[in-house]
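In what follows, chains are A, B, ... by sequence order, proteins preceding strands, each numbered from 1.
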Amino acid sequence: MSDQPDVPPDDVGDPGPSLMQRITGVGESARRALLLPSLALVLALLVGAVIIMLTDVDAWQLMGTDAGAAIGDMFEGVWVAYRELFAGAFGSVRGISETLFTATPLILAGLAVAIGFQAGLFNIGATGQMFVGGLFATWIALHVTLPSYLHIPLAILAAIVGGGLWGGLAGLLKAKTGAHEVITTIMLNFIAGFFVLWALKTSAFQDEGSNIPQSSPLPESVQLPTIFGDEFRVNIGLFIAIGAVFFIQWLLYRSTTGFEFRAVGSSPGASLYAGMNVAVLITLVMFVSGALSGVAGSTMTLGLPPYRVSESFPGTIGFDAIALALLGRSHPYGVLWSGLLFGALIAGGRTMQAAAGVSVDLVIVMQALIIMFIAAPELVRAVFRVEHGGEAADQVTRGWGA
Amino acid sequence: GGDSDDTTTTEAASETTEAPDETTTTEAASETTEAPGETTTTEAMGEFTAVATCFVTDDAGVDDRSFNASGWKGVNDALATGAVAADPIVLESTSAADYQPHVETCLAQGAEHIVTSGFKLADTTAQFAADNPDVQWTIIDFGSLGDNVTGLEYQTDEGAFAAGYLAAGMTQTGIVGTYGGVNIPTVSIFLDGYARGVAHYNEVKGADVRVIGWDVEAQDGAFTGTFDPADPQVRATCESQLDEGADIILPVGGAINLPCGTAIQDRGIEGALIGVDADAVEAMPGEYMDLWLTTILKGIDIQVQRSIEAHASGAPTGGSSSVGNLENGAIGLAPYHAWEDRVPAELAAEVEQILVDIAEGTIDWEKFVVGAG
Amino acid sequence: MTATANPNDMIHVRATPEEKRSTIIGAVLIALGAYIFWQFGLGVEPGLQATFNLSLQTDTVQGLAWVVDPRQFSMIIGVIVAGLGGWRLTRRALQYTNLSLAISFLLLVMAFLAWAAAGSQFSLVGMLRSTVVLSVVVVFGALTGLMCERVGVVNIGIEGQLLAGAFAAVVLSSAFGTAAGVLGGVAVGALLGWLLAWLSIRFQVDQIIAGVVINFLALGLTSLMSARILSEIQTLNAPERIPAIRIPFLADIPVLGAMFFDHTYFVYGMFLLVFGIHYGLFYSRWGLRSRSVGEHPKAADTAGINVYWVRYRNVILGGMIAGFGGAFLGLAQVARFEENMTGGIGFIGLAAMIFGRWLPIGALGAGLVFGLSRAVQQKVAILNTGIPSEFLFMVPYIVTIIVVAGVVGRTRPPAADGIPYIKD
Amino acid sequence: MALELTGITKRFPNVLANDDVSLSVGEGEIVAMLGENGAGKTTLMNVLFGLYTPDEGEVVIDGKPLEFGSPGASIAAGLGMVHQHFMLVPVFSVAENVILGLEPTNGVGWINQKEARRLVNDISNRYNLAVDPDAMVEDIPVGVQQRVEIIKVLIRDAKYIIFDEPTAVLTPPEVEEFFAIVRGLKEDGRGVIFITHKLNEVIEVADRIVVLRDGKSVGEADPKATTQSHLAEMMVGRPVDLVVSKDPAEPKDEVLSVDRLVVLDDRGQRTVEDLSLSVHAGEIVGIAGVQGNGQTELVEAITGMRPALMGNIRVGGVDVTEFTPRQMHHLGVAHVPEDRQESGLVMAFTIAENMVLDSYYDHPYSRGVRMDWGVATDAAERLVREYDVKAKRVDAPVSTLSGGNQQKVIVAREFDRGVKLVIASQPTRGVDVGSIEYIHARIVEERDAGEAILVVSSELDEVMALSDRVLVMFEGRIVGEFDPTTTSTTEIGLAMLGSGGNDE
Ligand SMILES: Nc1ncnc2c1ncn2[C@@H]1O[C@H](COP(=O)(O)OP(=O)(O)OP(=O)(O)O)[C@@H](O)[C@H]1O
Ligand SMILES: Nc1ncnc2c1ncn2[C@@H]1O[C@H](COP(=O)(O)OP(=O)(O)OP(=O)(O)O)[C@@H](O)[C@H]1O
Ligand SMILES: [Mg+2]
Ligand SMILES: [Mg+2]
């Protein structure tokens, strides 16, 4: 990882990082921090446009008879798709609300993956941890009667415990037996998914007399309050996510535990030498990572109208989170921005699907392209003829080394 | 592409809301008792005032070759009859987080009739239907949720019961099988009815036909864990039943019956499949044509079509929460097609009688609880 | 390991890690043996029989069966497993710890099946055949992974390569016939292999990022094309299915014939690839050079081997294997493309690669363990044991975790795995 | 016929590693290249061998220009190189390593193992380089590994052979053997480039000496007409003091005592076997030995990083056998680890972060779970000044420092807190002469302050110069104890090979 951990600038005599750097937290210079991602985004949009045109079956069928109209249709298709994508993400209060709402669990799960990377662990298990965390939160939601200001924190605490245990289990297995976390977290995803499917059919969750695998409606006292009113879904989960960003930032760079996490991540040998308990740290990192995923899961159970939990609430967030963490270079602020970007893409993608008939799958392609271009700056430079920055590509992850 | 049409949609929408046509109210709505196979709704194109329609799938997606696909087919059938305005919108969900925005998008796009596909959308539908009383709603696999919502529920096990009886009468090995995608009610209702139908056969005939893949008592059985037919697990699940000697199999869930067909063909056994939802002989690829003993019909497409057509003809069926069953013709058993000659006339008659008996409620058996939302 | 007798009791003597492991596993096995004895043995009513059928409908020899008394059978197994545990507790012959575990695992499965089938019967050979079939994609995935990792490139994009391979195979097969389909699948796999190599070698993109990019690209593009093209032009999603080829004579052997000799050529291809790559890796020039690049690329470079070329070549070959596996998924099962039809199996392949210790034969073994646990799960599902189906679904994943944690433990990947080779 | 380099210039991002260097070697000639660490010797040879492409300059071999950037081309042109860091695949057998790149095959690509073994045996018999072709490289001692490297070069029939610091890993008797081999090569008519920074060796074996400093060639010398101190001055650019000046030790109480220790290595082999030793306050005990004889595991066991299988370790009378590294740290044990990049430093961390790497969790660097970076930074700045670390800012990553300065960061961190025992492993490996002098002086200073010091080094000269007592370790045991002031290097060298010595 070439990102230098930011020892607090005010504590070091020299002029610290610029304001832009402190805000974005991603790079050595503001220019690089913003220029590269913007160019990557532009490039991804361009490639996406080509894909929309190439897959426009109707236009291609028209090509034989009226090539001009066909090409016109293709460009029109791209224009409408992107217009709607943008409008769906930012064009209205609803759009902004949807962007922020979608970004909420993405940021949390992205942080989960990122903190793993910082500590040299590859947590592919955000999905499973969301499952367990979300289920724990749901249990508290249904079985405890408390006023809102206690009920919500307690449910989220349960999500922290549930997700944390599920993540910590993978950490413990790694620390004690060397079982690689990539394997165990993938397997734990499947196990958690089936467990939730089963659990939702038990009387602990299901409506009396129902046989549908979904929970009974969550009481109002545990529903995450919305921010802009009930017709907009964005809720205080967003503040929790942003709070988590700052907390993880503090944890990683200002606390002894974070120092240990990063040390273990960069150099297990040096951590052992420095007297850190590597096994405990690995378990702890996975616990924290799982806890973050668990909170992400709870925002999808406590914060998703109509507040009834069904078996697929984590959706694809756990996998998007990997991309997100990579895009944010495993840095909390980077994750925040990437989470908002992905939230906008997904929220806008829904509108695009409806208005332009372009399948949401295009968003997945664009995510891939953005990550690729950011990870391979040289590619972008070659296209835009930006001058060479002289830095090598980042190595964000470590291989399989135990 | 299909992009420049949003203007048309909204135009059509405003047209219809401005001039609600109240003349042809009753006819189409009352005609609910036809067998789902026979599509005879269309009288004349002119009778409908096309309604802007929007279709929201659950997270299985529109190409699930199951209820989402059937429902979407219903919308398109209604389009063909002129009940649906040009370019109906389909919004595919990939997770539960999509339901609400999709419904909101439908409303924003000026939809007059919104079809929500699957019980997972029930709460969302209830909420938005209450807030938008002017819009008509149809929900698949769930009961009515308000005056403006048509609930399409199905007592599918009635058809499955008869199919189970038929299978028990047809098996040469004395073993019949069934499996599902995952153990959720819309799936297991088939398995349950089927197993009870076999038991009924045993009781009536003093026979000892075994069902594998469903345990009536435990309400659990053989599942593939996926609705993706290409997962090798699916074919293996079927094969594991063939290995036990089952020769007539009822797989329930999307296209997870296809790998079973190939397995039967590959093994060269005298086996048969029972289809679900739409008559498999028409819905499934030709190479499996000879395998379908029958299909347990679940008229989602036709019910959706009717619901929209009722709306388009000015007589919305909203508020109805009637359960589709044999009696009202939403459930049925498809013709035997290739097996016509092989099903003994006597057995065919018994099955026919059972269908009647169930419809009339003269057979005493424990029905599966539908919906229960 | 015993110490030289040491009279000085001031001297600490501690257990070696293997000794500790032997003790833990010994204790676990004793507990397991007791459980088998009590649950699967005494838990069965006396007098019941369990019948394991050994013939399929397609077999030449019919009616073979193996009948056991599950009570006695499981009690004996319980004793054997506990005995193995006791032997482990003595900390002797440490090299047999894994073998003891493997034997105990198989015995546990047998006892469990006998218990589940008490008073009933089921097709053992069918289960074994399923085991093979269910392992195929996993093994292809694992082979892809190890082709790449043996030269130092981590491939986390196996899932995407399988998926894209399946898509290409289905579409091209629908349009131009089966041969074009299979070749097209392989070609698209190669293309994605090249992309991985290009990103990670030419641009030194973090290999895990490159793999994630491939997964997203493949999922997004195939789903997009499926939604926008295949749904419009359905004939592009209707390929001809590839039939099984029954190998004369060999397929007539009881049990083994059904297990191994009545499959599509993909399955035969899988076995050929496993053994071919295994022997190739360890006994051929290609293998020696590949391994040297994965272990110590600079040493390979100084021996005049073009590290980048070797990496490109193997990663592309790996992609081709995934493409072939994708073609199996798309053409040999139901012959259609479904969105996200791989559903995570590529990651299981990745796990199998690690679990199989980066050895092709290990990958096969890992794939078979996975397949076996899925096949057992299916058998149990139709035996009405009362175990919820959701828990049965978990079995393969739980087994994988237990095996990886208990048997495999710390493995040693190729030393240069995941590390870009930078010359200047 | 000769090998000629003209005007080679090679730049790295921040370093001009070779600056217009020219050099020639004739057939049957041994040219020694001298230079400090970081002078650019390896870089020059890597250019020659095709690992790096130079920015300027050319190489002509026997009249033909060399194509850059391809080891294959260099090999074909008749070059061979024994690298400073061996280019052997540890998990391959000797034979596999030797034939890599020119594998004898049966035509379809399967390796002819018999032929491979025969090739190895042939060369090893002809040049008297005993190796077992079937042994795994990771299992054989470094000296033998070097033989494998030489066989690799010979099997390719290299006409010009480069040895990059070949003697660094050899014991004195092995060095003599090695010189015999080199002279043999010369008689064969091969040209040899021999890189080292050991002055005595150069004078003994070379026909001609070239000195490199800061990437530039600073002149040639005739071995018959030069002195060690003259060469040293050429190398460093100023007169240097080659001996460590210190007073005789005044040992006091026993601080460290190791009793019948057995330790396993990563592969479960007993690499420390029934080893006992003791170190007293106010003395420096040196452990000499060829790398890989259990020194690493011994140090790790003492410092708590590796469990002991049997035996006892006591520090100041406390049984610390089961102690963790942190407990050892609390007890007042300083540890300069063998591999600074692997375990002494977190290379991605800043200098300040590395300065508190093993005390971050405690007052004054943190309160509770909160790090106090202000205090840590101030402390780091003080240490950087006091220990003469050449760094502009303490928030720069430690990886931007040169090797010597990285080592000084560790020394500063470990020596700054009051300790009673110092375990220093390879304290000056890969460090420039200036820094060596400084680190040695610091170690002696600590001794004089009454600390007990254990120094482990594979550089015999260093052990001899620093220690008050020398223990020789061979195959996990202490095989001899010597007084460095009265013993010859040859005697100790023999003990390092396991022969001779005065067993206690
Ligand atoms: N790959 C590289 N990238 C950047 N700088 C390098 C690289 N390799 C070497 N250098 C720098 O080039 C200079 C010359 O290094 P080189 O390894 O040639 O020295 P050397 O004379 O062989 O030293 P030693 O005695 O330590 O082997 C050093 O400053 C070194 O840090
Ligand atoms: N692999 C590398 N990549 C980039 N820069 C390097 C590399 N190796 C060394 N450097 C840089 O080269 C410079 C010199 O480092 P090196 O340790 O090789 O020098 P040195 O001359 O041996 O120093 P010292 O004499 O203090 O041991 C440093 O600025 C270091 O950052
Ligand atoms: Mg889709
Ligand atoms: Mg060097």
Side-chain angles (χ1 to χ4, degrees), chain A residues 51-52 55-58 61 122 124 170 173-174 176-180 182-184 186-191 193-199 201 319 322-323 326 357-369 371-372 374-379 392-402, chain C residues 149 152 154 156 199 202-210 212-229 232-233 339 344 347-348 350-351 354-355 388-394 396-398 400-401 404-406 408-414 416-420 422:
Chain A
I51 292 170
I52 296 177
T55 55
D56 193 339
V57 174
D58 296 341
Q61 282 168 344
F122 190 7
I124 309 191
L173 282 169
K174 170 150 191 154
K176 285 291 161 204
T177 70
H180 201 280
V182 165
I183 303 183
T184 52
I186 291 172
M187 299 301 146
L188 287 170
N189 283 345
F190 286 103
I191 295 172
F194 287 119
F195 182 76
V196 167
L197 185 61
W198 172 80
K201 288 194 287 189
F319 287 95
I322 297 170
L326 294 173
V358 175
S359 148
V360 281
D361 304 313
L362 183 69
V363 169
I364 305 178
V365 178
M366 290 182 36
Q367 287 172 339
L369 292 170
I371 299 166
M372 182 170 90
I374 287 189
E378 261 193 76
L379 257 177
D394 290 348
Q395 297 298 315
V396 182
T397 61
R398 280 197 292 132
W400 300 119
Chain C
E149 302 211 353
V154 169
I156 207 159
L199 287 176
R202 167 82 175 72
F203 297 104
Q204 288 154 26
V205 169
D206 184 299
Q207 293 168 6
I208 291 191
I209 299 187
V212 168
V213 165
I214 285 173
N215 285 337
F216 272 66
L217 264 187
L219 177 64
L221 282 176
T222 57
S223 303
L224 186 76
M225 288 195 270
S226 166
R228 273 171 80 83
I229 300 178
E232 301 262 331
I233 311 171
E339 280 181 31
F347 287 100
I348 293 172
L350 193 70
I354 297 176
F355 172 7
S389 50
E390 290 83 7
F391 287 115
L392 291 178
F393 289 140
M394 297 177 193
Y397 310 108
I398 295 176
T400 305
I401 289 183
V404 170
V408 182
R410 276 170 228 281
T411 49
R412 187 160 85 165
D417 205 3
I419 303 164
I422 303 169

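- Atoms CD1 and CZ, on A/I191 and C/F391 in that order, are 11.0 Å from each other to the nearest 0.5 Å.
- For the pair C/R228/A/I52, a side-chain contact is recorded, criterion being any heavy-atom separation below 4.5 Å from C-beta on.
- Looking at A/I186, only its side chain comes within 4.5 Å of chain C, counting heavy atoms on both sides.
- Contacts of A/L379 with chain C are made by both backbone and side-chain atoms, with heavy-atom separations under 4.5 Å.
- Counting heavy atoms from C-beta on, the side chains of C/V205 and A/M372 never come closer than 4.5 Å.
- Separating the CD1 atom in A/I124 from the CG atom in C/L350 is a distance of 7.0 Å, to the nearest 0.5 Å.
- Scanning all heavy atoms of the two residues, the minimum distance from C/L224 to A/S359 falls at CD1-O, 3.8 Å.
- Rounded to the nearest 0.5 angstrom, C/E232 CD and A/Q61 CD are separated by 7.0 Å.
- Aromatic ring orientation, C/F347 versus A/F319: tilted (interplanar angle from 30° to 60°).
- Closest approach of C/A405 and A/A179 over heavy atoms only: CA-CB, 3.8 Å.
- Residue contact with chain C, scored on non-hydrogen atoms closer than 4.5 Å, involves the backbone and the side chain of A/V358 alike.
- Here the CD-CZ distance, from C/E390 to A/F195, works out to 10.5 Å after rounding to the nearest 0.5 Å.
- Taking the side chain as every heavy atom from C-beta outward, C/Q204 and A/E378 never approach each other to under 4.5 Å.
- Only the side chain of C/I233 comes within less than 4.5 Å of a heavy atom in chain A; its backbone stays farther off.
- At a 4.5 Å heavy-atom cutoff, the contact between C/L199 and chain A is made by side-chain atoms alone.
- Closest of all the heavy-atom pairs between A/I183 and C/F355 is CD1-N, 4.4 Å.
- Scanning both residues, C/L219 and A/I364, for their nearest heavy atoms gives CD2-CD1, 4.1 Å.
- Counting heavy atoms from C-beta outward, C/I398 and A/M187 have side chains that stay 4.5 Å or more apart.
- Using a 4.5 Å cut-off between heavy atoms, A/L173 touches chain C through its side chain atoms alone.
- With a 4.5 Å cut-off on side-chain heavy atoms, A/L369 and C/L217 count as touching.
- The distance from atom CD1 of A/I371 to atom CD1 of C/I214, rounded to the nearest 0.5 Å, is 12.0 Å.
- Nearest heavy-atom pair, C/I208 versus A/F122, reported as atom, atom and distance to 0.1 Å: CG2-CE2, 3.4 Å.
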